[in-house]
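As structure tokens, the structure follows; a few thoughts come after it.
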Number of protein chains: 2
Amino acid sequence: MPEFATLEYENLNSVVYAALCDALMQGRFQPGDRLKIRDLAEQFGTSVTPIRDAILRLANDEAITFRSPRDIRIAGLSEARYREIRAIRVRLEGLAAETAAQVATSADILALEQILRENEQAIADGDRLKGTQLNQAFHFMLPQIAGLPVLTTILRRLWLQMGPHISDAYLAGGRAMIDHHYPVVEALKRHDSPAASMAIVDDILLGGKPILDRIAHGEEREARRA
Amino acid sequence: MPEFATLEYENLNSVVYAALCDALMQGRFQPGDRLKIRDLAEQFGTSVTPIRDAILRLANDEAITFRSPRDIRIAGLSEARYREIRAIRVRLEGLAAETAAQVATSADILALEQILRENEQAIADGDRLKGTQLNQAFHFMLPQIAGLPVLTTILRRLWLQMGPHISDAYLAGGRAMIDHHYPVVEALKRHDSPAASMAIVDDILLGGKPILDRIAHGEEREARRA
DNA sequence: ACGTCAAAAAAGATGCATCAAGTATCTTGT
DNA sequence: ACAAGATACTTGATGCATCTTTTTTGACGT
């Protein structure tokens with residue numbers, strides 16, 4: 001269960017926020033989906049206040065947008081914006097991988113290898129949701145090993161924005177999604193920072209290719225429709 | 001007047017959020033300062049709801065923390081956390097400078113030089129507040145020239161966290177704060193990406209030295225007190 | 001004077017009523 | 001059958017009442 005709460009104590013709004021973050025990162029929302037505060041309040045069994053709070057935080061994260069004062073929707077993602085996010089991830093996850101390579105313990109390596117094994121199994125089972133989650137878990141392990149909490153928060157926010165756009169791309173990606181994870185672990189074992197950085201960059205650029213294609217095609221389709 | 005609103009239309013909560021962001025970035029709050037929703041509501045002449053909304057967004061930005069359910073304070077900044085923010089800035093502002101160097105127009109260069117001139121004047125006048133603002137304006141110009149809105153948002157959030165900690169450091173820094181800005185502009189003129197990146201990195205690491213010292217000394221003092 | 005404990009005030013969390021603006025629906029006249 | 005206007009509904013924004021927990025305060029005993 002991911003720990004998304006910025007607040008130190010438990011709040012209804014944090015519970016709702018965490019649940020919506022989960023849903024977003026698992027691709028359970030589609031871009032453009034409309035959210036209604038009263039509907040969510042009923043689903044969560046709370047009043048509208050904690051829902052408003054959570055939605056406001058997600059809007060602050062730019063994961064959802066207020067298209068008009070009464071029209072709350074899952075944010076879209078232009079190709080340019082996705083490319084920017086990718087460029088930022090290259091820099092930041094590169095930093096995380098370099099730092100992680102310097103400080104990784106054997107316990108860290110074992111945890112990464114465990115994730116890889118489970119990810120292989122999920123792909124073999126055709127379990128798309130689990131595959132997505134384990135891929136994310138791998139990426140978030142690096143800043144955690146590196147001891148970089150600010151970086152983790154930034155990446156989480158970027159993933160919230162990507163979440164609704166990666167769901168279908170995973171099937172297209174298939175095994176290619178984790179192929180580049182193995183060299184990362186090997187580099188961490190050798191405490192080889194440059195190699196770790198290069199490997200994670202490869203993963204972001206090559207492994208993420210199907211996602212970019214999907215977003216680009218989506219824009220094209222939309223342009224033709226107009 | 002900075003444009004902080006994530007929301008597209010004007011809201012009381014956006015107005016409050018923008019005002020508090022401004023205050024934070026100008027160092028008008030000290031770390032550990034306590035905020036009271038009802039007091040702020042009176043100051044802004046609104047009910048508590050828009051204030052709660054704005055504070056929730058700032059908490060989401062990790063600029064303020066809820067130490068306990070009824071104790072809202074300006075966030076502290078450990079030395080480790082400041083070093084992490086600095087490392088992230090090196091990567092991200094490096095990316096912004098590289099990109100800006102590739103696309104900068106002569107109008108962009110003129111705007112940067114204008115900021116530098118005003119910053120010189122502010123330092124000559126001993127106007128600490130204006131100096132801080134113009135230094136920030138320079139740094140935010142690079143991602144703007146580069147056309148990287150996501151990057152701008154991330155940097156803004158980091159600056160919200162640094163804001164309360166850089167106020168006094170500026171006097172100590174003095175002219176050194178903008179010395180490294182000139183090579184940045186020169187590099188942009190030559191469309192020299194590596195030089196632009198190196199220059200801004202120098203600025204972050206060397207120009208920011210007094211801030212790090214101040215935070216480190218503050219921690220030391222606190223440790224002695226305990 | 002000082003510490004302790006209880007009463008009171010403070011303060012955020014939650015729920016809810018109301019408002020305004022936008023949207024859908026229904027009626028009515030041709 | 002259709003269009004136009006009016007009516008009702010939807011929905012987020014704002015304000016506010018209440019609840020619970022924390023903090024302050026002050027009285028009392030030592």
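Side-chain atoms are counted along with the backbone in the values below, which use heavy atoms only and exclude waters and symmetry mates. Sequence lines set the chain letters: A, B, ... in the order given, protein chains first and strands last, and positions in each chain run from 1. Because the structure is predicted, anything quoted here is derived from the model rather than measured.
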Regarding the side chain of B:K36, the nearest nucleotide among C:dG12, C:dA11, D:dG15 is C:dA11
Please report, rounded to the nearest Å, how far the C1' atom of D:dT11 is from the CG atom of A:D71.
10 Å
Short N/O separations, protein against nucleotides 7-9 of chain C, under 3.5 angstrom:
none

Atom CG of A:D39 and atom C1' of D:dT10 are separated, to the nearest Å, by 10 Å
Residue list, side chain to side chain donor-acceptor pair (under 3.5 Å) with A:K130, at least two apart or on another chain:
none
Euclidean distance, atom CD1 of residue A:I55 to atom P of D:dT14 [Å, nearest integer]
15 Å
Taking only distance into account, with no hydrogens and no angle test, what donor-acceptor pairs under 3.5 Å do side-chain atoms of residues 79-100 of chain A form with protein atoms, sequence neighbours excluded?
unit_1 : atom_1 : unit_2 : atom_2 : d
A:E79  : OE2    : A:R83  : NE     : 3.1
A:E79  : OE2    : A:R83  : NH2    : 2.9
A:R81  : NE     : A:Q161 : OE1    : 3.3
A:R81  : NH2    : A:Q161 : OE1    : 3.0
A:E84  : OE1    : B:V150 : N      : 3.4
A:E84  : OE2    : B:V150 : N      : 2.8
A:E84  : OE2    : B:L151 : N      : 2.8
A:R89  : NE     : A:E93  : OE2    : 2.7
A:R89  : NH2    : A:E93  : OE2    : 3.1
A:R91  : NH1    : B:E98  : OE2    : 3.4
A:R91  : NH2    : B:E98  : OE1    : 2.9
A:E93  : OE1    : A:H139 : ND1    : 2.6
A:E98  : OE1    : B:R91  : NH2    : 2.9
A:E98  : OE2    : B:R91  : NH1    : 3.4
A:T99  : OG1    : A:L95  : O      : 2.8

Could you check how far CD1 of B:I72 sits from C1' of C:dA13, rounded to whole Å?
11 Å
Picking from C:dT14, D:dG15, D:dT11, which would you name as closest to the side chain of A:T49?
C:dT14
To the nearest Å, how far apart are B:F66 CZ and D:dT21 C1'?
15 Å
Taking salt bridge (Lys or Arg N to Asp or Glu O under 4.0 Å) as the test, write out the residues that go with B:R70, two or more places apart.
none
B:R52 CZ to C:dG15 P, straight-line distance once rounded to whole Å
11 Å
Please collect all salt bridge (Lys or Arg N to Asp or Glu O under 4.0 Å) contacts where either partner lies in residues 35-50 of chain A, sequence neighbours excluded, each pair once.
none
Quick one about B:T105 and B:D108 (side-chain donor to acceptor, distance below 3.5 Å, no hydrogens or angles considered), yes or no?
yes
A:V48 has its side chain closest, among C:dG12, C:dG15, C:dC16, to C:dC16
Tell me what B:I51 touches on the nucleic acid: a base, only sugar-phosphate, or nothing, going by heavy atoms under 4.0 Å.
nothing
Can you name the nearest heavy-atom pair linking B:G131 to B:A122, along with the distance?
N-CB, 3.9 Å
Atom pair distance, as rounded to whole Å: CG in B:N11 and C1' in D:dT14
10 Å
Listed once per pair and sorted, the salt bridge (Lys or Arg N to Asp or Glu O under 4.0 Å) pairs that draw on residues 45-54 of chain B, sequence neighbours left out
A:R52-B:D53, A:D53-B:R52
Tell me, please, which residues at least two apart from A:Q43 pass side chain to side chain donor-acceptor pair (under 3.5 Å).
none
Side-chain contact check for B:S47: nearest option of D:dG15, C:dT14, D:dG12 is D:dG15
What's touching nucleotides 18-22 of chain C from the protein side, N or O pairs under 3.5 Å?
unit_1 : atom_1 : unit_2 : atom_2 : d
C:dA20 : N3     : A:R70  : NH1    : 3.2
C:dA21 : O4'    : A:R70  : NH2    : 3.4
C:dA21 : N3     : A:R70  : NH1    : 3.2

Using a heavy-atom cut-off of 4.0 Å across all strands, would you classify B:L40 as base, sugar-phosphate, or nothing?
nothing
Side-chain heavy atoms of A:L56 within contact of B:L56, under 4.5 Å:
no
Checking C:dG12, D:dT14, C:dT14 against the side chain of A:L12 (C-beta onward), the nearest is C:dT14
Rounded distance in Å - CG (A:L56) to C1' (D:dT14):
13 Å
Listed partners of B:Q102 passing side-chain contact (heavy atoms from CB on, under 4.5 Å), at least two apart:
B:S193
